[in-house]
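When a ligand or atom number is given, it counts from 1 through the structure's own listing order. Residues take their numbers from the sequence shown, with the count starting at 1.
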Amino acid sequence: MMRSLIGAQKCWGLIRTRNFMELPTKQVPASFALFKRHYSPPTHIKQSAVANESGTMAEVKQGMMKRLGLEPGYNPLPKSREQLLKYQPKLEDLPPRAMQDSFTSAIIPLSTDRSLQDKYVTYLGNVRFGRLLEDMDLFAAWCCHKHLVLPNLPEGVHLPYTFVTILVDRIDFTNVLASGTQDIRLSGHVSWVGTSSIEVVVWLEQMVGGRYQKLTRALFLMAARNANNTGAAPVNPLQPANEEEKVILAGGADRKKKRQILCAQSIFKVEPNDPEQTIMYELYKRTTPTNTLELNKRILPPNCRWMEDSFQMSTIPSFPEHRNHHNRVFGGFLMRSALEISWAAAYLYCKTRPKLEHISDISFEKPVSVNSFIKMTAYVVYTKENYVQIMTVADVMDPQTGSQVTTNTFYYTFSSPDTVTEVLPRSYHETMWYIQGRRKFEASMGPV
Ligand SMILES: CCCCCCCCCCCCCCCC(=O)SCCNC(=O)CCNC(=O)[C@H](O)C(C)(C)COP(=O)(O)OP(=O)(O)OC[C@H]1O[C@@H](n2cnc3c(N)ncnc32)[C@H](O)[C@@H]1OP(=O)(O)O
């Protein structure tokens, strides 16, 4: 049915994609469905939006630097923040906060700032989503700043905290084609806290025809760290203001558990399940000749391409421009770089301009130093009808020894106007990636 729909509507405006705004509530895990329904802020929070505006994203960055005591300009050895460690409060010193306290919004003024437009616009005049990922990452940290209140911090002392991104949950996009020359608004608030971890929900909207239209919504999990990022730091508890907030908060623990389960179920940790074993055997049969038993001889069926011929690679030196205050690379920069190479890989594979549909959960397990060489490799690991699933691996390389360590794996789903060439694995390793790609694809599209 999906195929016939696509066949009949080979025009961008008409292709209906399945995203979280269109799925019936029952198809989405309960705690995430709640965010689907509330992908605008709860009513009482929205009403206070005007009072909570933070200006432009440039002002947000300046505000954060001021609170942290950071000065513009690069220093290979960042100024020590050791002296701030003594101001770190204990959990019991921190008063509870409401979701409303951290609710804020900021503007990317694309309609008026023409030099900013150059950074955000694509060849066709749309917005570069990679840039928005960078902004969302910074903005999530800003919401954490808004949440944090330290009653015993002496006047004039800088914030003895650091925030790093632990992970970003699945991001889905609406069908609004965002322009690179109209203002974009980010809004968000803290939606759950642990002891030192903070979940932040961030929305993106763009002014279309005089009113804001939703572009996307993402959940960021941030870690509060001490002044010099050597240990966890406690955060203010979250006190729900009403029934609606109580439900959001209760879902937070549930979401944390689900993330752990998803992580533990990775194909890189546990063996494929029974239906997947069947798929693997079918792949083996389809790619093995029937007239010879010659070892490792494989045949490529018509309209298919080997996975080993379906990747793009790029080695990126990172620069201080992409640093946080510990000379580590911003998560947003990694997300943008991975998205852009994934998009190129999808475009070159499909031979037509693909549309980004979903970004799967992304975790940041190891910090990346700002003088690193980052090797990004985007593989087409799974295809279905007009969809391409990309898996992009980020490796940090040591220039002296040539050794490399994988710091992140990103999964992006793109759609093409046409049915795409089927990608097939040739080796057992590739088959595992195919299965992982299929899982990510199925999860991002929801049950059929
Ligand atoms: C002068 C320069 C100007 C430049 C301009 C500056 C502008 C000024 C603004 C800066 C604003 C920055 C905003 C961007 C922020 C980034 O983009 S940071 C860069 C990307 N992220 C990273 O590099 C993080 C890399 N990962 C890590 O360092 C470590 O894995 C982490 C996240 C610190 C966790 O380490 P850990 O040893 O597991 O820590 P641990 O203490 O055991 O756990 C801490 C908490 O995290 C939770 N947690 C840890 N792992 C997980 C997981 N996988 N799943 C769920 N929860 C987890 C734990 O459950 C625990 O929670 P609580 O129970 O306390 O609530």
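- The single protein non-hydrogen atom nearest to atom 36 (P) of ligand 1 is R225 NH1, 4.8 Å, given as residue, atom name and distance.
- For ligand 1, one of its N or O atoms has an N or O atom of S197 under 3.5 Å away.
- Looking at K256 against ligand 1, only its side chain comes within 4.0 Å, counting heavy atoms.
- At a 4.0 Å heavy-atom cut-off, ligand 1 does not touch V368 at all.
- Counting protein heavy atoms only, atom 60 (C) of ligand 1 is closest to S196 OG, 4.0 Å.
- The protein reaches atom 23 (O) of ligand 1 closely, with a heavy atom under 4.0 angstrom from it.
- Nearest heavy-atom pair across G130 and L339 is N-CD2, 3.5 Å.
- Closer than 4.0 Å to atom 62 (P) of ligand 1 lies at least one heavy atom of the protein.
- For L167, every heavy-atom contact with ligand 1 shorter than 4.0 Å involves the side chain, none the backbone.
- Of all the heavy atoms of M64, the ones lying under 4.0 Å from any atom of ligand 1 belong exclusively to the side chain.
- Interface of F330 with ligand 1, defined as ligand atoms under 4.0 Å from a residue heavy atom, comprises 12 (C), 13 (C), 14 (C), 17 (O).
- If you look at R328 next to ligand 1, there are no close heavy atoms at all, none under 4.0 Å.
- Distance check on atom 38 (O) of ligand 1: every protein heavy atom falls at or beyond the 4.0 Å cut-off.
- Of all protein heavy atoms, the one lying nearest to atom 13 (C) of ligand 1 is A141 CB, 3.5 Å.
- Protein heavy atoms all stay at least 4.0 Å away from atom 34 (C) of ligand 1.
- For atom 53 (N) of ligand 1, the closest non-hydrogen atom on the protein side is I166 CG2, 4.1 Å.
- In terms of protein heavy-atom proximity, atom 27 (C) of ligand 1 is closest to E365 O, 3.7 Å.
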query = Is there a side chain to side chain contact (heavy atoms under 4.5 Å, CB included) between L150 and Y87 once you walk through the steps?
reply = CA-CA 9 Å; L150 316 181; Y87 297 110; over 6 Å; no

